[in-house]
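Beneath this line is the structure, given in structure tokens, with notes to follow.
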Amino acid sequence: MEKQTHIVIVPSPGFSHLLSIIEFSKRLIHHSNGLHVTCLIPTLGSPSEPSKTILQTLPSTIHSTFLPSIHFNNIPEDTPIAVQAQLTVTHSLPFIRDALETLSSSSNLVAIAADLFASDALTCAKEFNMLSFVCVPSSAMTQSFCLYLPKLDRTVSSEFRYLKEPIEIPGCVPIHGRDLPKPVQDRTSQVYELFLQRCKQLHLADGVLVNSFRGIEAGPIRALTEEGYGYPSVYPIGPVIQKGSGDVRNGCECLRWLENQVTNSVLYISFGSGGTLPQDQLNELALGLEISGKKFLWVLRAPSRSANSAYLDSETDDSSRFLPCGFIERTKEQGLVVPSWAPQVQVLSHSAIGGFLSHCGWNSTLESVMNGVPLIAWPLFAEQGMNAVLLTEGLKVALRPKADENGLVERGEVAKVVRRLLEGEEGREIGKRMQNLKDTALKTLQEEGSRTKTLVQLAVYLMGK
């Protein structure tokens with residue numbers, strides 16, 4: 001019996017990265033003839049419920065396995081989330097090798113594709129005679145920065161955030177050092193060294209898969225694919241987003257509430273699968289929404305001083321107790337607060353939604369683009385500051401509130417930005433630009449569109465191995 005042709009994918013821990021790499025796998029399988037995917041999932045603690053749920057929807061050509069959990073006592077308690085994710089993959093390498101050994105006896109393994117923070121898994125590629133790909137779930141701008149960072153590290157001696165002039169990343173909107181990814185904000189830290197190491201590994205891969213398209217990032221993609229930089233082959237395989245989920249925990253309430261609202265009247269607020277605000281900022285956001293007088297649907301998570309404290313957690317407790325006293329009662333005719341989670345794809349596609357206050361994670365950004373929903377950019381961690389710059393200064397489809405000298409966005413500023421987006425000429429112009437971007441994105445998904453051609457090209461290449 002002829003062996004099945006397999007590629008192996010390895011995400012880093014965390015639902016958003018698993019979601020992105022799974023959605024890419026579905027698209028690749030659709031455009032191939034006989035290709036199979038095996039997803040080896042490193043875990044830190046117990047797998048989250050959303051992760052288990054998404055894996056139950058996979059087609060028969062995609063197989064998934066949760067690797068044995070890495071226990072917390074193997075990793076120091078105060079270790080940053082990004083480092084936890086990378087170390088989890090490093091500690092999982094013996095399990096990955098065992099799985100590849102088993103697979104190789106019955107399958108033709110042609111490639112391994114790993115998330116950026118799981119790139120240690122690519123060390124297995126040569127051992128098993130496979131091609132190696134880095135799967136980047138974020139923007140081409142972020143990808144360009146990652147490939148450029150080793151050079152930047154050699155040529156700049158100070159902390160990037162102290163540079164007076166914006167940094168010129170190939171093909172990108174100039175960006176101030178303070179908006180660079182959080183892992184590079186302290187060059188003396190372990191986080192920086194690990195991130196730099198991952199960026200250097202990018203240059204060793206056979207290819208890089210980036211979840212973007214020329215219509216949204218023409219400059220960065222042009223730079224990534226130009227001769228002369230010495231970059232690996234770059235495949236812009238976006239936009240890849242989740243089409244929807246059968247899990248409607250809070251969905252029925254959300255969607256029923258939206259049915260009773262006027263078209264383009266509601267601001268949707270969500271900080272992604274793990275973003276959190278400190279208590280003082282949560283208070284100001286709540287009071288700003290109230291003062292604005294605008295309708296809102298808020299996915300609320302318990303406050304924390306760490307912006308990504310819920311990233312590897314699946315907390316679902318009612319967090320409304322952290323809101324200002326009387327807020328729920330005073331705004332019961334104005335807004336709806338739901339704890340922890342909402343069916344974002346369905347929410348953003350609803351006609352009542354007129355804007356999205358977002359942490360600017362790339363999955364959320366693409367979902368907003370695909371539904372033509374303009375943004376309020378509120379970056380928290382990772383590369384979200386770069387995405388905010390792209391959206392506000394590059395594409396001009398978002399507004400960004402101003403923080404005070406302590407980094408706090410006060411209630412008056414919140415109310416002002418919400419009104420600017422949902423009413424008046426400025427908001428209408430932003431909405432038109434976002435609608436044009438949506439139209440461009442939809443063209444890339446057509447049979448002759450750029451994403452389709454790229455995926456077909458990649459699938460043919462892999463099947464030929």
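Basis for what follows: all heavy atoms, side chains included, without hydrogens, waters or symmetry-related copies.
- A donor-acceptor contact shorter than 3.5 Å links the side chain of Arg301 to the backbone of Gly275.
- Under the 4.5 Å side-chain criterion, counting only non-hydrogen atoms from C-beta, Lys396 is not in contact with Thr392.
- Smallest separation of non-hydrogen atoms from Gly215 and Leu437: O-CD1, 3.7 Å.
- Ion pairing of Arg27 with Glu23 is present here, as a side-chain N (NZ or NE/NH1/NH2) and a carboxylate O approach within less than 4.0 Å.
- Once rounded to the nearest 0.5 Å, the distance linking CD of Glu193 with CG of Asp186 reads 10.0 Å.
- The shortest side-chain heavy-atom distance between Ser212 and Trp362 falls under the 4.5 Å cut-off.
- Between the side chains of Glu367 and Asn363, no donor-acceptor pair of N or O atoms lies under 3.5 Å.
- Panel note: side chain Thr43, backbone Leu67; a donor-acceptor pair is recorded below 3.5 Å.
- Evaluated for a side-chain contact (heavy atoms from CB on, under 4.5 Å) with Asn211, the options Val240, Thr142, Val136 yield exactly one hit, Val240.
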Show me, pair by pair, the donor-acceptor contacts under 3.5 angstrom made by side chains of residues 175-184, not counting sequence neighbours?
from: Asp179; atom 1: OD1; to: Arg400; atom 2: NH1; distance (Å): 3.4
from: Asp179; atom 1: OD1; to: Arg400; atom 2: NH2; distance (Å): 3.1

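- Within the 3.5 Å criterion, the main-chain N or O of Val210 finds no donor-acceptor partner in the side chain of Gln143.
- Considering all non-hydrogen atoms of both residues, Val89 and Ala121 come closest at CG1-N, 4.4 Å.
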Leu109/Val8 under side chain to side chain contact (heavy atoms under 4.5 Å, CB included): CA gap, chis, key distance, verdict: CA-CA 8 Å; Leu109 300 182; Val8 174; 4.2 Å; yes

Stepwise side chain to side chain contact (heavy atoms under 4.5 Å, CB included) test for Leu58 and Ile22: CA-CA 8 Å; Leu58 297 180; Ile22 285 292; 3.5 Å; yes

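- Partner Leu421 forms a side-chain contact (heavy atoms from CB on, under 4.5 Å) with one of Leu357, Ile430, Leu375 and no other, that one being Ile430.
- Under a 3.5 Å cut-off, the side chain of Ser25 and the backbone N or O of Ile21 do form a donor-acceptor pair.
- For Lys443, the NZ atom counts as loosely surrounded, since its 6.0 Å shell holds 12 or fewer non-hydrogen atoms of other residues, nucleotides or ligands.
- Although no hydrogens or angles enter the test, the distance criterion places no donor-acceptor pair under 3.5 Å between the side chain of Ser368 and the main chain of Ser364.
- Between the CG atom of Asn371 and the CD atom of Gln435 there is a distance of 10.0 Å, given to the nearest 0.5 Å.
- How far CG of Leu380 is from OG of Ser358: 9.0 Å, rounded to the nearest 0.5 Å.
- A pairwise comparison of heavy atoms in Pro236 and Ile221 identifies CB-CD1, 3.9 Å as the closest pair.
- Taking the six-membered ring for Trp and thresholds of 30 and 60 degrees, Trp378 and Phe271 have ring planes more than 60 degrees apart, a perpendicular arrangement.
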Leu28 and Leu462: CA distance, side-chain angles, deciding distance, side chain to side chain contact (heavy atoms under 4.5 Å, CB included) verdict: CA-CA 10 Å; Leu28 182 63; Leu462 292 172; 4.0 Å; yes

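- Between the side chains of Ser119 and Gln201, at least one donor-acceptor pair of N or O atoms lies under 3.5 Å.
- Within the 4.5 Å cutoff, the side chain of Asp206 has no heavy atoms near those of the Ser233 side chain.
- The local environment of NZ in Lys200 is sparse, with at most 12 non-hydrogen atoms from other residues, nucleotides or ligands closer than 6.0 Å.
- Interatomic distance, Tyr235 OH to Leu455 CG, rounded to the nearest 0.5 Å: 11.5 Å.
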Test side chain to side chain contact (heavy atoms under 4.5 Å, CB included) applied to Trp298 and Tyr268, step by step: CA-CA 6 Å; Trp298 186 0; Tyr268 173 57; over 6 Å; no

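- Residues Leu163 and Ser158 approach most closely at CD2-OG, 3.5 Å, considering heavy atoms.
- By the 4.5 Å heavy-atom criterion applied to side chains, Leu297 and Leu267 are not counted as neighbours.
- Ring orientation note: the planes of His6 and His36 are close to parallel, at an angle under 30° on the 30°/60° scale.
- Two residues are said to be in side-chain contact when any heavy atoms from C-beta on lie closer than 4.5 Å; Phe133 and Val208 fail this criterion.
- Under a 4.0 Å N-O distance rule, the pair Glu426/Arg420 qualifies as a salt bridge.
- Across all their heavy atoms, Met130 and Cys124 have their closest contact at CE-O, 4.1 Å.
- Here the OG1 atom belonging to Thr365 is positioned 8.5 Å from the CD atom belonging to Gln384, to the nearest 0.5 angstrom.
- A heavy-atom distance below 4.5 Å is found between the side chains of Ile54 and Phe15.
- No option in Leu408, Leu289, Asp404, Val409 other than Leu408 meets the side-chain contact (heavy atoms from CB on, under 4.5 Å) test with Glu284.
- In this structure, Leu224 and Ala140 approach most closely via the heavy-atom pair CD1-O, 3.8 Å.
- Looking at heavy atoms from C-beta onward, Cys172 lies out of side-chain contact with Tyr148 at the 4.5 angstrom threshold.
- A distance-only check finds no donor-acceptor pair linking the side chain of Thr57 to the backbone of Thr53 [under 3.5 Å].
- Using a 4.5 Å heavy-atom threshold, the side chains of Ile9 and Thr38 count as separate.
- No donor-acceptor distance shorter than 3.5 angstrom exists from the side chain of Glu217 to the backbone of Arg214, with no hydrogens or angles considered.
- Not one N or O on the side chain of Arg187 forms a donor-acceptor pair closer than 3.5 Å with the backbone of Glu159.
- Side chain of Ser92 to backbone of Phe95: no donor-acceptor contact under 3.5 angstrom is found.
- How far OG1 of Thr276 is from NE2 of His359: 11.0 Å, rounded to the nearest 0.5 Å.
- A perpendicular orientation is assigned to the rings of Tyr231 and His203, their planes being inclined by more than 60° (bins at 30° and 60°).
- Remark: the backbone N or O of Asp120 is paired with a side-chain donor or acceptor of Thr123 at under 3.5 angstrom.
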